[in-house]
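Have a look at the structure below, then the notes.
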Amino acid sequence: MPELPEVETLARGLQATLMGRTIVETRVLWPRSVIPPDPAAFARRLAGQTVASVGRRGKWLMIALGSSDVLLIHLRMSGRLLVESEQCLDTRHLRVLFLLDDGQRLSFFDQRKFGRLHLTDDPAQVLGALGPEPLSDEFTAERFEEMLRQRSGRIKPLLLNQRFLAGLGNIYTDEALWQAHIHPLRQANTLTVTEAHQLHRAIQAVLQAAIASGGTTLQDEAYQQADGQAGEFASKLVVYGRDGQTCPRCGQAIERITVAQRGTHFCPQCQSLAQGLGPAQG
DNA sequence: AAAGCACCCTGTACGC
DNA sequence: TGCGTACAGGGTGCTT
């Protein structure tokens, strides 16, 4: 599933390809993929617009256009964006198609139809509610520790909450918690200062390593970089999808439990719950 | 504030 | 073989 590293990789790839390109024509094959949901208006508004820049905020891809319009794209579960040549004819799961002035096309595929293309001149309305960027200068260990102190919920669902922190999904949350030796059910405000700092470092390390590998492409999965390449990080996952396999740190079997309706992978030995489920003592 | 659930979808994996 | 059902996932919105 596309999380921050996958969207970042995609944004970098698209930046090189799309900068300065003009959208000649837009074809919406699945109307619910676009916001506002009037495909004709969506297409009309995009016609003739030129790409000024491609960026990312959380899991949102941002394509800034020549006007004040921004095309915000969320891939959700199965969305894919590919720049293709004109003779590419695979239209399976194709939802939106942009014809570009250089003869190429930008194709939005989305098997499960959860993804959204949001055309707006006020991106803050969509992005404003997001928590801090985990790789930004503002996201310091001290700030993270402060954020955690104010929350009494379980750490895993909290990390998945995009209003708390932007960009983490199920895969990198499990990996970061493993790296920081923290059990997914730990209550956020019971983490020690040391643990909070470890988790902060783990989140940044996991995201940076994944970006360096071009993201994670799971088997039978849709995610691809803008040129269609698979990401290389899947082989470096330690806990995600590896239940039953041994923990490379201690040799214990990785377990899979359900937390807040999400499959959760962790090492019961390294990520002990013993240090504190309830409120901090003394 | 926290937690649970339904919803949006489809392909795959399973039981019968 | 083939049908029905459970499940995976991110995010929103509702209820408790």
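Atom set for the values below is all heavy atoms of this structure, side chains included, hydrogens, waters and symmetry mates excluded. Throughout, protein chains are lettered first and strands after them, A, B, ... in sequence-line order, and every chain is numbered starting at 1.
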When rounded to whole Å, the CZ to C1' distance for the pair F114(A) and dC7(C) reads 12 Å
Side chain of M77(A) - closest among dA1(B), dG9(C), dG11(C): dG9(C)
Can you tell me if K156(A) and T264(A) form a side-chain donor-acceptor pair at under 3.5 Å? yes
Minimum-distance nucleotide to R76(A) side chain [options: dG10(C), dA8(C), dT10(B)]: dG10(C)
Tell me whether the OP1 or OP2 atom of dA8(C) has a side-chain N or O from R256(A) closer than 4.0 Å. yes
Nearest whole Å is fine: how far is dT10(B) C1' from Q111(A) CD? 5 Å
Indicate whether OP1 or OP2 belonging to dG11(C) is found under 4.0 Å from a side-chain N or O atom of Q162(A). yes
Taking only side-chain nitrogens and oxygens of Q261(A), does any of them come within less than 4.0 Å of OP1 or OP2 of dC5(B)? yes
K59(A) side-chain proximity, nearest of dT10(B), dG9(C), dG11(C): dG11(C)
Sugar-phosphate, base or nothing in reach of R262(A), heavy atoms under 4.0 Å: base
Please report the distance, rounded to the nearest Å, between NE2 in H265(A) and C1' in dG9(C). 12 Å
Could you tell me whether R249(A) sits above the aromatic face of W178(A), with NZ or CZ closer than 6.0 angstrom to the six-membered ring centre and within 45 degrees of the axis? yes
Residue mapping more 5' on DNA chain C - nearest nucleotide basis, T258(A) or H74(A): T258(A)
Proximity to the side chain of R32(A) - top-ranked nucleotide from dC9(B), dA3(B), dT10(B): dC9(B)
Would R95(A) pass as a cation-pi partner of F108(A), given that its NZ or CZ must be under 6.0 Å from the six-membered ring centre and within 45 degrees of the axis? no
Starting from P on dG11(B), measure out to CG on D110(A) and report it in whole angstrom. 11 Å
How many whole angstroms separate atom CG of L61(A) from atom P of dG10(C)? 18 Å
Ignoring backbone atoms, test whether S152(A) places a side-chain nitrogen or oxygen under 4.0 Å from the OP1 or OP2 oxygen of dA1(B). no
What's the CD1-C1' distance between I35(A) and dT12(C), to the nearest Å? 11 Å
Using distance alone, with no hydrogens and no angle criterion, decide if Q150(A) and N189(A) have a side-chain donor and acceptor under 3.5 Å apart. no
Any R116(A) side-chain N or O less than 4.0 Å from OP1/OP2 of dC9(B): no
Can you say whether the rings of H118(A) and W60(A) are parallel (under 30°), tilted (30 to 60°) or perpendicular (over 60°)? perpendicular
